[in-house]
Structures are given as structure tokens and as C-alpha cells.
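Down below is the structure, laid out as C-alpha cells.
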Amino acid sequence: MKRIAVLTSGGDAPGMNAAVRAVVRTGIYHGLEVIGIQRGYSGLLHEELMPMTLGSVADVIQRGGTVLYTARCEPFKSPEGQRQGYEVLRKHGIDGLVVIGGDGSFRGAQKLAELGMPTIGIPGTIDNDIPCCDATIGFDTAVNTAIEAIDKIRDTATSHERTYVVEVMGRNAGDIALHVALAGGAESVLIPEAPFSLDEVIRRLERGVARGKKHSIILVAEGAGSGIEIGKHLATHTGFEVRVTVLGHIQRGGAPSARDRVLASQLGAYAVDLLRQGASGKMAATQNGALAAVDFETVFTTARKPDMRLYELVNMLSI
Ligand code: ADP
């Protein structure tokens, strides 16, 4: 193995840069040439390749987003697109590829592995919606960003004695909502993985008011419903003053947390090790804190849920 490449794909996540840095520096440390592919699979098809040096990844570990840029690429979903991507990699003498991204990006990576290009994936997405790993890169930062916002909203909620509905990201996964609800002391949390009743949310709100509670925060994962609609429903059925905040993309940006930088650095280095060992078609991850290589096939066929004990705990702590 002489030359490897790295790309970031799908939604950006804080910590992707730390992972790119670790891939580049570990690769060079082991005497490999490292190529950066810009704009994910789109850049691969357009041959947006550039040699990476130790200096190319200087001063990036603390930056959010991805210095390699990211993109979505429809043509790469077709067998012709995948074959073309494979040919580009071969043409440039690349012996192995590291793909940093989410589930969709891994599906593309699996196709390249099937075509014969050794490919390793690193889970990078704020949603934490990848099975078989402790956490995805970016999740911890996104939770911390949302918590900062919740703490500020709580100040206003307390001062004005209002009910706040806060919608956080998570189209298929309630992990962000759940962790933010627990860490932010929310009264209720609505996530896509658990059936919920707005009547029950109302009962909890009314119970709180009856015992003198002046304000409440209800966390909604975007996949569980629209915060705005839920806010309207609660206002209509309780007569309380309800305000809605949709946090949106602020959760995607910002400097990565120390935890995400550490995870990204570990996984970047591990991905290079796996390629050097001849592995392919696997995700580099941590499981119970230890490094683990998980077949993409296992990742695709394993159902995942957030830790539902946390869900019970939110409800228990906000009686
Ligand atoms: P994420 O990686 O964050 O889940 P996407 O689902 O948007 O993000 O996927 C990123 C890119 O990965 C897509 O634009 C496409 O190029 C590629 N991709 C997604 N799904 C597949 C698939 N089933 N087969 C091949 N490539 C895919």
C-alpha cells in the first residue's frame, strides 16, 4: 500500500476535520502518500483530488465543518457512477480509501469495496444514528451546542413563566433530543423511536402548574413532529403561553468538543491501520470504549435505538 485517499460526505459534523487530520498524519507517519478528495463522491467523479501534506491539516483540529468540503451526489448512487468512481481512484494510483460520513456515505463506500477498492468508513454525523458504535463524530458537540441554547431559553422561560417547545435535529434518531432533554432538565421529550401522546404532555404540564411550577421546556426531535405544530396544539389545549424555538443548523456547526476531537483522532488513525492490515468494507468505531472494526453489512442490518433507559429517566426526573 503506497497511496491512500480520504473524503468527507453527506451532512458535515464537527470533528470531521480532526478525523481528516488523523488520517493524513497517520498515513504520512507510516510512509504513505495521502490524497484529499474534495466534495465527497461528487469530487471523486470530478477528479477533485489534491495531495495532502502535514501542513494541509495544520490548524484544523479545532474547526467545525470540513476543510475537504462535503456534498451529496446522486450519480454515485448508480452502478455506473460507482464504477466511474472506482476507475478514478485506480487511475490516480490509490490503494485504499477512508470515507467519513453517515449511513448513506457508507452505502457508497460499500459499493467501492465490492468493486475491489479497500475502503474503510468513519461514522461522522451529529445525529448519532449509526448502529454498532458508541457514538458518531459530531454528536457530542451538537448536544453541547443545543444545551447552551436550552440554558439560555430556560432563563427566559423562567422570567416570563412560559412553556417552551424546542425542536432539535434528528430526523430518524432521537438521540440529540434525549441527551439534551436529560442534560437540560426538560419536562417532556418527544422522539421518533417512542410512541407519545400529546394528552400525556398536557397532563404533565398541568400537573406541574398545579404544584406551582412556573415554566416548562418540551424537547422535540424533528423526526417526532413539527415543534411549531406541537406548540400550537399545546397552546390551544392548555391556554398557556407557549413559545417555540427551532434550533436548526446552529447544531451542525461550531468548534468540536474535546470528546469529539479525541474520538475523531482515534478513529482516523485506526482507519489507516485497518487499511494497512488489508481490511475493507468495514466501519472504524469504538464499542464500549475499545476500537472495533464492524462490517458495513452488519451496520446496515442492525436495528438501532437510543438508550431507552435515558427516556425513562427524563420522564422520571420531571415528575
Ligand atoms: P449521510 O452519509 O450523512 O447519511 P447521505 O445519505 O446524503 O448522507 O449520503 C451521502 C452520499 O452518499 C449521497 O449523496 C450519495 O452520493 C452516497 N450514497 C447514499 N446512499 C447511497 C447508496 N445506497 N448507494 C451508493 N451511494 C450512496
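Counting starts at 1 for both ligands and their atoms, following the listed order. All of these numbers come straight from a predicted model, not from anything done at the bench.
Under 4.0 Å from any atom of ligand 1, one finds heavy atoms of residues Ser9, Gly10, Gly11, Tyr41, Arg72, Cys73, Phe76, Lys77, Gln82, Gly102, Asp103, Gly104, Ser105, Arg107, Gly108.
We find the CG-CG distance between Leu49 and Leu44 to be 7.0 Å, quoted to the nearest 0.5 Å.
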For residues 184-191, which side-chain donor-acceptor pairs fall under 3.5 Å, sequence neighbours excluded?
from, atom 1, to, atom 2, distance (Å)
Glu187, OE1, Ile217, N, 2.6
Glu187, OE2, Lys213, NZ, 2.6

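Ion pairing of Lys232 with Glu229 is present here, as a side-chain N (NZ or NE/NH1/NH2) and a carboxylate O approach within less than 4.0 Å. A salt bridge links Arg276 to Asp273: at least one charged side-chain nitrogen sits closer than 4.0 Å to a carboxylate oxygen. Arg203 and Glu206 are not joined by a salt bridge, as no carboxylate oxygen comes within less than 4.0 angstrom of a charged side-chain nitrogen. Between Glu87 and Lys91, none of the side-chain N atoms (NZ, or NE/NH1/NH2) sits under 4.0 Å from a carboxylate O, so this pair counts as no salt bridge.
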